[in-house]
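Throughout, protein chains are lettered first and strands after them, A, B, ... in sequence-line order, and every chain is numbered starting at 1.
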There are 2 protein chains.
Amino acid sequence: MDIRDIAKMAGVSKATVSRVLNESEAVAEDTRKKILAIIEEVGYLPNYLARSLKVKNTKTIGVVVPDIGNPFYFEVIRGIEKLLDKKGFSIMLCNSDYIEKKELRYISLLASKKVDGIIFAPSSEDSKSLKNLLSWDIPFVIFDLPQINFNNNAVLIDHSLCSYIATNHLIKNGHKRILIIDAYRHMEVYSKFISGYLRALKENNIEFDDALFHESTPDIKGGYNVIKKVLKNKIGFTGVLTICDLASVGVYKAAEKFNIKIPEDISVIGNDDIPLARYLCPPLTTIQQPKFLIGYKSAELLINNIQNKSSIINDFKTIILNVKLIERDSVKRRQDNGN
Amino acid sequence: MDIRDIAKMAGVSKATVSRVLNESEAVAEDTRKKILAIIEEVGYLPNYLARSLKVKNTKTIGVVVPDIGNPFYFEVIRGIEKLLDKKGFSIMLCNSDYIEKKELRYISLLASKKVDGIIFAPSSEDSKSLKNLLSWDIPFVIFDLPQINFNNNAVLIDHSLCSYIATNHLIKNGHKRILIIDAYRHMEVYSKFISGYLRALKENNIEFDDALFHESTPDIKGGYNVIKKVLKNKIGFTGVLTICDLASVGVYKAAEKFNIKIPEDISVIGNDDIPLARYLCPPLTTIQQPKFLIGYKSAELLINNIQNKSSIINDFKTIILNVKLIERDSVKRRQDNGN
DNA sequence: ATGAAAGCGCTAACAC
DNA sequence: GTGTTAGCGCTTTCAT
């Protein structure tokens, strides 16, 4: 059942059917009605693939994130979905699992499938995907990468600010031995996240102890493992700061397992404020990131980019979104001055 | 840059290039190498759209869920993604927001975009989408719908068993006034979820009080609102049972707001066991549903169906997955016999 | 207002 | 082992 069949049944040409389908040109009202009736009756569905091949757009956007199991990305995706739905675009979802090869593969696949644009959180700054994207001339926006060195759309969070605020909060509450759990960094020697921590330490004349700096996968397991290791090595600390709330949950889990009380024994502070953070036990103090907005804005930027693609002025934007400290119950003031 | 260009540059025909691209037929090793080299050099990417139009498959699956913000669906999606990635399919994600019109629209769109199959959680049993899907002859599997009346692939949870187990658990702990928070039901007079509750009550000679039966949106807000209303109306209860964990979180929220202690004042039991349930305050007793598996199995069923589509024997399966009670700390034994 | 025809980029007979 | 050719189902000039 294709457009030719409908044309035949209506006694018109394919072109006319196409016209009513797309409301592209005027068609006599009665032929229009007739065609519509037939379409309805036989339940004809246009083949969007064929259309896309011809018109060179698919009305679909690819999004690739490193971990769809992390509520952070979930929230971002919700934001993306919201805007995209409004604009009539579908979304093709890919999960890179933090592995660059997969990321690269997906980007190619999406390009091959002719998505109109791509939104993604690159695994690293000089990710090859980025270069490919640029060379293929397909509109894209990146989000969540701490820093970018090239001219393209991006909506970002200042991760160094997050850790700076978090570290300061801990310090103000009398902590000095502050564990920091970062995500594995492939490319950068010091991540933005570390740099904010370091700055806060320096400003408060606290010496940096390398034994307090740890990297893990940004999830529950990662947070858990770090605490386990640190405990085993008898590295003393009173506060901990994690790259994402999920890692903080891992800290909670370890605390429960090893009989450490939060916040009595150790204070913990997260980063991103996932929806359930306030319902955790105890409610997690964290740095709130506008996750939904990150997604929404990314999508908005992308769609604008796509719709102005032909225009000469392709001015790219990078939007930096605000973060703020959310005080709950996982951080406690120390009287002993944090040693 | 298309296949014709590559052919020209390599001094061969399009057919030959196509052959090396798809490894469909033998090609002389040196021409193969030459073509590959050119492809690599110029960064040629095949147009999958054109291919799909010809070969009549897109290697993409549509999935439509009612609320991507609910961790339940998220986990299901993770399962879907896992299997689909393994099988080389992309996923097109749609969010119906529990509104049937949107669901219908998305299903049509997906069909139009020629996805090879669809996985979805229908909003109701005689959803028009179901009928369309059947008539369009596109493979699909549904999940999570309490009951189905037609012959097609499905992977389900017995919701009446969930509520039965949950209610019994509350009763065994001395509760008699048990609030039940169900999702809005469009079509069914009594949902499966209610029926299990009713059965448990009856078996224990507890009379059903209509004032304890409530419907809400299956999310935090929904759970919160029910408790608020019930409190306002001074309806007494000691236990509450919700359609999903997220609604239980809403109960938690209301409890906090109105100064009710869980589990001292009221016991609550969830349904589905979202990943963070065990970290809530207090850890939530709930009925565990194999969410990831639901997704994985759904995808598996679908792919099998697609790959055997041409075969005469199209035997559909409905898989019913097990659930089990997970005891944590949100349910407490009552000494006063629950009145 | 409508039709004829070319073509989007690819694959798959069929021929050699 | 490789080339020629006919479409896949649609849109879009260009005629009329």
Side-chain angles (χ1 to χ4, degrees), chain A residues 1-36 38-39 42-60 108-116 136-138 310, chain B residues 1-36 38-39 42-60 108-116 136-138 310:
Chain A
M1 177 67 61
D2 64 14
I3 200 175
R4 161 168 252 120
D5 296 319
I6 303 296
K8 248 176 232 163
M9 296 172 85
V12 297
S13 73
K14 294 190 304 174
T16 303
V17 177
S18 176
R19 283 178 188 118
V20 345
L21 246 23
N22 298 294
E23 295 165 336
S24 48
E25 286 173 62
V27 171
E29 189 53 21
D30 40 349
T31 49
R32 209 182 74 88
K33 286 237 170 86
K34 186 175 178 182
I35 290 170
L36 250 20
I38 293 177
I39 285 175
V42 304
Y44 162 72
L45 222 49
N47 184 328
Y48 211 95
L49 232 46
R51 167 172 224 281
S52 288
L53 185 58
K54 186 67 186 172
V55 303
K56 294 187 173 336
N57 69 243
T58 52
K59 288 284 185 186
T60 113
S108 297
L109 188 60
L110 290 171
S112 225
K113 290 193 174 175
K114 297 296 168 191
V115 295
D116 296 339
W136 292 330
D137 190 37
I138 138 167
S310 46
Chain B
M1 178 68 60
D2 65 14
I3 200 174
R4 160 167 255 120
D5 296 320
I6 304 297
K8 246 176 236 165
M9 297 171 84
V12 297
S13 74
K14 294 189 305 174
T16 303
V17 178
S18 176
R19 282 177 188 118
V20 345
L21 246 22
N22 299 294
E23 296 167 337
S24 49
E25 287 174 63
V27 170
E29 189 53 21
D30 39 350
T31 49
R32 208 182 75 89
K33 285 238 170 82
K34 186 174 179 185
I35 290 170
L36 251 18
I38 293 178
I39 286 175
V42 304
Y44 162 73
L45 221 49
N47 184 328
Y48 211 94
L49 234 46
R51 167 173 224 280
S52 287
L53 186 59
K54 185 69 183 169
V55 303
K56 290 179 174 342
N57 68 240
T58 53
K59 287 286 186 185
T60 114
S108 296
L109 187 61
L110 290 171
S112 226
K113 289 193 173 173
K114 296 294 167 193
V115 296
D116 295 340
W136 291 332
D137 192 36
I138 139 166
S310 47

Can you give me the N/O atom pairs linking the protein to nucleotides 1-3 of chain C at distances under 3.5 Å, or say none if there are none?
{"unit_1": "C:dT2", "atom_1": "OP1", "unit_2": "A:T31", "atom_2": "OG1", "d": "3.4"}
{"unit_1": "C:dT2", "atom_1": "OP2", "unit_2": "A:A28", "atom_2": "N", "d": "2.8"}
{"unit_1": "C:dT2", "atom_1": "OP2", "unit_2": "A:T31", "atom_2": "OG1", "d": "3.3"}
{"unit_1": "C:dG3", "atom_1": "OP2", "unit_2": "A:S13", "atom_2": "N", "d": "2.7"}
{"unit_1": "C:dG3", "atom_1": "OP2", "unit_2": "A:S13", "atom_2": "OG", "d": "3.0"}
{"unit_1": "C:dG3", "atom_1": "OP2", "unit_2": "A:T16", "atom_2": "OG1", "d": "2.7"}
{"unit_1": "C:dG3", "atom_1": "N7", "unit_2": "A:R19", "atom_2": "NH1", "d": "3.3"}
{"unit_1": "C:dG3", "atom_1": "O6", "unit_2": "A:R19", "atom_2": "NH2", "d": "2.4"}

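Side-chain atoms of A:V55 lie closest to D:dT12 of the nucleotides D:dT12, C:dA12, D:dG9.
The main-chain N or O of B:K8 is never found under 3.5 Å from a side-chain atom of B:D5 such that the two would form a donor-acceptor pair. Between the side chain of A:K113 and the main chain of B:T58, a donor-acceptor pair closer than 3.5 Å is present. Within the 3.5 Å criterion, the main-chain N or O of B:Y48 finds a donor-acceptor partner in the side chain of B:S52. In this structure, the side chain of B:S112 does not engage the main chain of A:L45 through any donor-acceptor pair within 3.5 Å.
Distances shorter than 4.0 Å separate some side-chain N or O of B:N22 from OP1 or OP2 on C:dT11. Under 4.0 angstrom from either OP1 or OP2 of D:dG9 there lies no side-chain N or O belonging to B:K114. Taking side-chain N and O atoms only, A:Y44 has no distance below 4.0 Å to OP1 or OP2 of D:dG9.
One atom, CZ of A:R4, and another, P of C:dA5, lie 11 Å apart when rounded to the nearest Å. Atom CG of A:L49 is separated from atom C1' of D:dT11 by 14 Å (rounded to the nearest Å). Here D:dA6 presents its P atom at 12 Å from NZ of B:K54, a figure rounded to the nearest Å. Rounded to whole Å, atom P of D:dG9 lies 14 Å from atom CG of B:N57. When the P atom of D:dT11 is taken as reference, atom NZ of A:K59 falls 14 Å away, rounded to whole Å. Regarding B:L53, its CG atom lies at a distance of 10 Å from the C1' atom of C:dT11, rounded to whole Å. Between A:K8 atom NZ and D:dC10 atom P the separation is 13 Å, expressed in whole Å. Computed from coordinates, the B:L21 CG to C:dA12 C1' distance equals 14 Å when rounded to whole Å.
Side-chain contact between B:L21 and B:I3: present, with at least one pair of heavy atoms (C-beta onward) separated by less than 4.5 Å. Here the side chains of A:N57 and A:K59 are in contact, with some heavy-atom distance below 4.5 Å.
For B:E23, the CD atom counts as loosely surrounded, since its 6.0 Å shell holds 12 or fewer non-hydrogen atoms of other residues, nucleotides or ligands.
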